[in-house]
Structure formats: structure tokens, C-alpha cells
Student: 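My structure is below; once you've seen it, I'll send some questions.
Counting convention: from 1, in listed order, for ligands and their atoms alike.
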Amino acid sequence: MLKVTNLHAGYGRMPILHGVDLAVPAGEITLVLGPNGAGKSTLLRSIGGFIRPTEGKVSLDGKDITGRAPDRMVSEGLRLVLDGHRVFPQLSVRDNLRLGVADRSEDYAARLGDVFGVFPVLEERLDQAASSLSGGQQQMLALAQAFLARPRVLLVDEPSLGIAQMLVPTILNFLRSWADKGTAVLLVEQRIDIAVPFADSVSVLRGGKIALSGPASDFTDVGEIERVYLEGAD
Ligand code: ADP
Ligand code: MG
């Protein structure tokens with residue numbers, strides 16, 4: 001499990017996170033909700049090694065990995081899928097899928113089959129440039145690429161952003177089945193309604209702190225989350 005304790009981080013001298021505590025267990029989707037500017041991306045970047053925390057700790061299965069460089073985080077089994085579905089636009093879908101997968105054992109073919117089962121469009125477009133895909137399809141490709149690398153922990157930044165709304169459940173279901181196979185998934189979203197039904201636990205980030213958290217079953221009425229959002233509004 002991924003554990004974040006009293007995490008402080010920011011940009012230059014500007015502090016953004018003020019002591020975030022979070023547990024991301026294997027086999028679960030841990031959802032962090034928060035309004036725009038709450039610090040969600042900063043949280044993922046500081047867990048993933050792109051920003052060095054100024055205080056606090058990130059540990060994976062009890063091992064302290066705070067402040068490691070992103071490539072070291074990847075070798076520890078931690079994988080970050082950034083917002084804006086970053087894929088290599090000039091490369092084909094096939095080459096994008098191959099990237100970053102060092103070990104293409106027999107398991108790779110089975111996992112590729114899993115990916116094509118969920119996102120058949122990727123199989124249909126294997127030889128096309130990634131730039132020819134829609135935003136939602138690029139998001140699928142970015143997630144598929146991460147899935148094939150078999151991370152123990154997956155961090156996903158707002159996968160619903162900028163994609164056709166009908167694709168959102170497909171993507172969240174993919175994350176759900178991934179977690180069900182034992183991966184620890186930390187999912188960040190801005191929109192309250194869409195992701196809660198797929199999550200095991202929910203935390204609300206506001207002003208760089210966790211303002212509210214609990215099991216997802218506590219949040220079937222999202223009114224409480226909305227109130228926390230509004231309290232944080234300027
Ligand atoms: P969220 O992802 O929840 O919308 P962010 O983590 O992107 O929030 O941003 C939190 C705060 O940090 C915002 O005030 C934003 O302006 C600031 N911020 C984000 N990225 C940078 C950066 N690269 N340099 C300076 N400030 C930043
Ligand atoms: Mg963000």
C-alpha cells in the first residue's frame with residue numbers, strides 16, 4: 001500500500017500542500033476530489049517524484065520513497081498518468097503501447113488482450129499515429145500503456161477531463177477492474193458525481209489539506225462534498 005503522511009509541497013517558495021495524509025491500499029480505488037486549484041495535480045506530482053516534498057513522507061509497502069526521482073518511482077512500481085492524456089503523437093498506437101514495457105513476457109500478450117477487450121478501438125488503430133485518435137482514445141492509450149507496465153500503484157489525474165462524456169464510464173470501469181486485480185489506484189477528479197460510484201474511499205482536498213474523508217458508501221449523498229467545495233470557494 002501507498003502511504004502519504006503529513007505531505008507538504010509547493011512551487012519555489014509558494015506552499016500548496018499543507019500536510020496531506022492519505023492511504024492508498026492495494027485492491028482499492030482511493031478517490032481524491034477537489035475543486036480546480038485545490039492542489040490535486042500537485043499532490044500527484046509530489047508523490048510521483050516530479051516535485052520534491054518540503055516535509056512529510058511517501059512510503060510504499062513500508063519503504064520510504066519520499067523525494068525519489070520519477071524514474072526511480074517507476075522502478076518501485078509507481079506509475080503516474082498525467083492529465084491531458086500525454087501520448088507520443090507521432091508514434092503509432094502499437095509503438096505507444098510498447099513504450100516503457102521492459103518485460104514483454106507471455107503475460108504481455110494476455111494483458112494486451114485485456115486492453116483490447118476493454119478498448120477495442122486501440123486494436124483497430126494499432127498502425128495509426130496516436131495523434132489521429134480522439135482525446136478520449138488518447139486517454140485510453142495512456143491508461144493502456146500504464147496498465148501494460150504492471151505498476152503496483154497507479155496515480156491518475158482527472159481522466160474524465162476533455163473527453164466525450166460517454167467514454168467516462170468505460171475508463172472508470174477499466175480502473176475498477178484494475179484495482180480488483182490488486183493494484184492500488186489513486187484517482188483524482190474535479191467533478192463530484194461521476195467517480196464516487198467507482199471508488200472505495202473518498203477524500204476531499206481543499207486549500208492543500210484533506211478536508212473530508214471516508215468510505216465511498218458514506219458519500220452516496222454528495223451534498224456534503226458540495227458543501228466542502230463551496231466553503232473553499234473564494
Ligand atoms: P488542481 O490540480 O487541484 O486543479 P494544482 O495542483 O494544479 O490544482 O494547483 C494548485 C495550486 O498550485 C494553484 O494555485 C496553481 O496555480 C498552483 N500551481 C500549479 N502548478 C504550478 C506551477 N508549475 N508553478 C507555480 N504554481 C503552480
Ligand atoms: Mg489538476
Side-chain angles (χ1 to χ4, degrees), residues 2 4-24 29-58 66-71 73 78-87 135-136 138-143 145-146 153-165 167-168 171-172 175 184-196 198-199 201-214 216 219 222 224-234:
L2 176 77
V4 173
T5 316
N6 188 34
L7 198 71
H8 292 250
Y11 302 96
R13 288 192 182 172
M14 189 169 60
I16 302 292
L17 303 180
H18 307 280
V20 173
D21 293 307
L22 207 59
V24 186
I29 295 182
T30 302
L31 173 63
V32 172
L33 292 169
N36 193 21
K40 301 181 300 297
S41 296
T42 304
L43 174 64
L44 295 190
R45 288 185 204 123
S46 53
I47 295 172
F50 292 90
I51 301 171
R52 187 180 285 274
T54 50
E55 202 182 321
K57 189 170 159 184
V58 179
T66 318
R68 298 228 173 138
D71 58 327
M73 293 296 187
L78 194 138
R79 189 88 188 203
L80 176 56
V81 177
L82 296 164
D83 52 346
H85 19 88
R86 318 273 172 96
V87 294
Q138 289 187 30
Q139 181 66 266
M140 292 170 186
L141 180 56
L143 285 169
Q145 196 191 77
V153 181
L154 174 73
L155 315 177
V156 192
D157 199 353
E158 296 202 54
S160 73
L161 203 65
I163 71 167
Q165 288 312 294
L167 295 177
V168 173
I171 282 173
L172 293 175
L175 295 177
V185 178
L186 175 55
L187 171 64
V188 152
E189 271 294 341
Q190 187 176 151
R191 285 184 43 197
I192 300 173
D193 51 327
I194 53 167
V196 173
F198 294 88
S201 71
V202 178
S203 293
V204 181
L205 187 68
R206 194 194 69 204
K209 287 182 182 165
I210 302 292
L212 186 70
S213 74
F219 296 99
V222 295
E224 198 182 356
I225 301 176
E226 278 165 2
R227 277 192 294 282
V228 172
Y229 264 47
L230 290 173
E231 281 166 22
D234 295 323

Student: Answer yes or no: is there a donor N or O on one side and an acceptor on the other, between the side chain of Asp21 and the main chain of Asn6, under 3.5 Å?
Tutor: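 Confirmed, Asp21 side chain pairs with Asn6 backbone.
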
Student: Return the residue, atom name and 0.1 Å-rounded distance of the protein heavy atom closest to atom 8 (O) of ligand 1.
Tutor: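 Looking at atom 8 (O) of ligand 1, the protein heavy atom closest to it is Gly39 N, 3.2 Å.
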
Student: Got a donor-acceptor contact below 3.5 angstrom from the Gln165 side chain to the Ile163 backbone?
Tutor: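 Yes; judged by distance alone, with no hydrogens or angles, the pair exists.
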
Student: Can you sort out which atoms of ligand 1 are near Thr42, meaning under 4.0 Å from one of its heavy atoms?
Tutor: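 In order of numbering, the contacting atoms are 5 (P), 6 (O), 9 (O), 10 (C).
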
Student: Show me which atoms of ligand 1 lie under 4.0 Å from any heavy atom of Asn36.
Tutor: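 Here the atoms of ligand 1 in question are 4 (O).
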
Student: I need the nearest protein heavy-atom contact for atom 4 (O) of ligand 1: residue, atom name and distance, please.
Tutor: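 Checked against all protein heavy atoms, atom 4 (O) of ligand 1 sits closest to Gly37 N, 2.7 Å.
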
Student: Give a yes or no on whether Gln190 keeps an N, O or S atom under 2.8 Å from the Mg ion (ligand 2).
Tutor: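 Of the N, O and S atoms in Gln190, none lies under 2.8 Å from the Mg ion (ligand 2), which means no.
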
Student: Please check this pair: side chain of Arg52 against backbone of Gly49, looking for a donor-acceptor N/O pair closer than 3.5 Å.
Tutor: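 No; judged by distance alone, with no hydrogens or angles, the pair does not exist.
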
Student: Can you find a non-hydrogen atom of Pro35 under 4.0 Å from ligand 1?
Tutor: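 The answer is yes: ligand 1 sits under 4.0 Å from a heavy atom of Pro35.
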
Student: Kindly indicate whether atom 25 (C) of ligand 1 is approached by any protein heavy atom to under 4.0 angstrom.
Tutor: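 Yes, because at least one protein heavy atom sits under 4.0 Å from atom 25 (C) of ligand 1.
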
Student: Is there a heavy atom of Glu158 sitting under 4.0 angstrom from any atom of ligand 1?
Tutor: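 No, Glu158 has no heavy atom closer than 4.0 Å to ligand 1.
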
Student: Knowing that exactly one of Val188, Leu143, Leu172, Leu186 qualifies, which makes a side-chain contact (heavy atoms from CB on, under 4.5 Å) with Val156?
Tutor: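 Filter result, single survivor: Leu143.
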
Student: Under a heavy-atom criterion of less than 4.0 Å, does Met14 contact ligand 1?
Tutor: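 Under 4.0 Å: yes for Met14.
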
Student: Near Ser41, which atoms of ligand 1 are under 4.0 Å from a heavy atom of that residue?
Tutor: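 Answer, ordered by atom number: 1 (P), 2 (O), 6 (O), 7 (O).
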
Student: Which residue and non-hydrogen atom of the protein lie closest to atom 18 (N) of ligand 1, and at what distance in Å?
Tutor: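 The answer is Tyr11 CE1, 3.4 Å.
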
Student: Are Pro159 and Leu187 side-chain neighbours, meaning at least one heavy-atom pair lies under 4.5 Å?
Tutor: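 Side chain of Pro159 against side chain of Leu187, heavy atoms only: contact under 4.5 Å found.
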
Student: With a 4.5 Å limit on heavy-atom distance, are the side chains of Ile51 and Thr42 in contact?
Tutor: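 Touching, per the 4.5 Å side-chain cut-off.
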
Student: Sort out for me which residue in Val153, Leu22, Val185, Leu154 forms a side-chain contact (heavy atoms from CB on, under 4.5 Å) with Leu2.
Tutor: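 Of all the options given, the one that passes is Val153.
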
Student: Hey, is the main chain of Ser201 close enough, under 3.5 Å, to the side chain of Thr30 for a donor-acceptor pair?
Tutor: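 Not at all, since once roles are kept as given, no pair shorter than 3.5 Å links the two residues.
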
Student: Do Gln145 and Val81 have side-chain heavy atoms sitting under 4.5 Å apart?
Tutor: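 No, side chains not in contact.
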
Student: With a cut-off of 4.0 Å, which atoms of ligand 1 are near a heavy atom of Arg45?
Tutor: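 Result: 20 (N).
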
Student: Nearest protein heavy-atom contact for atom 12 (O) of ligand 1: which residue, which atom, what distance?
Tutor: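 I find the closest protein heavy atom is Ile16 CD1, 3.2 Å.
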
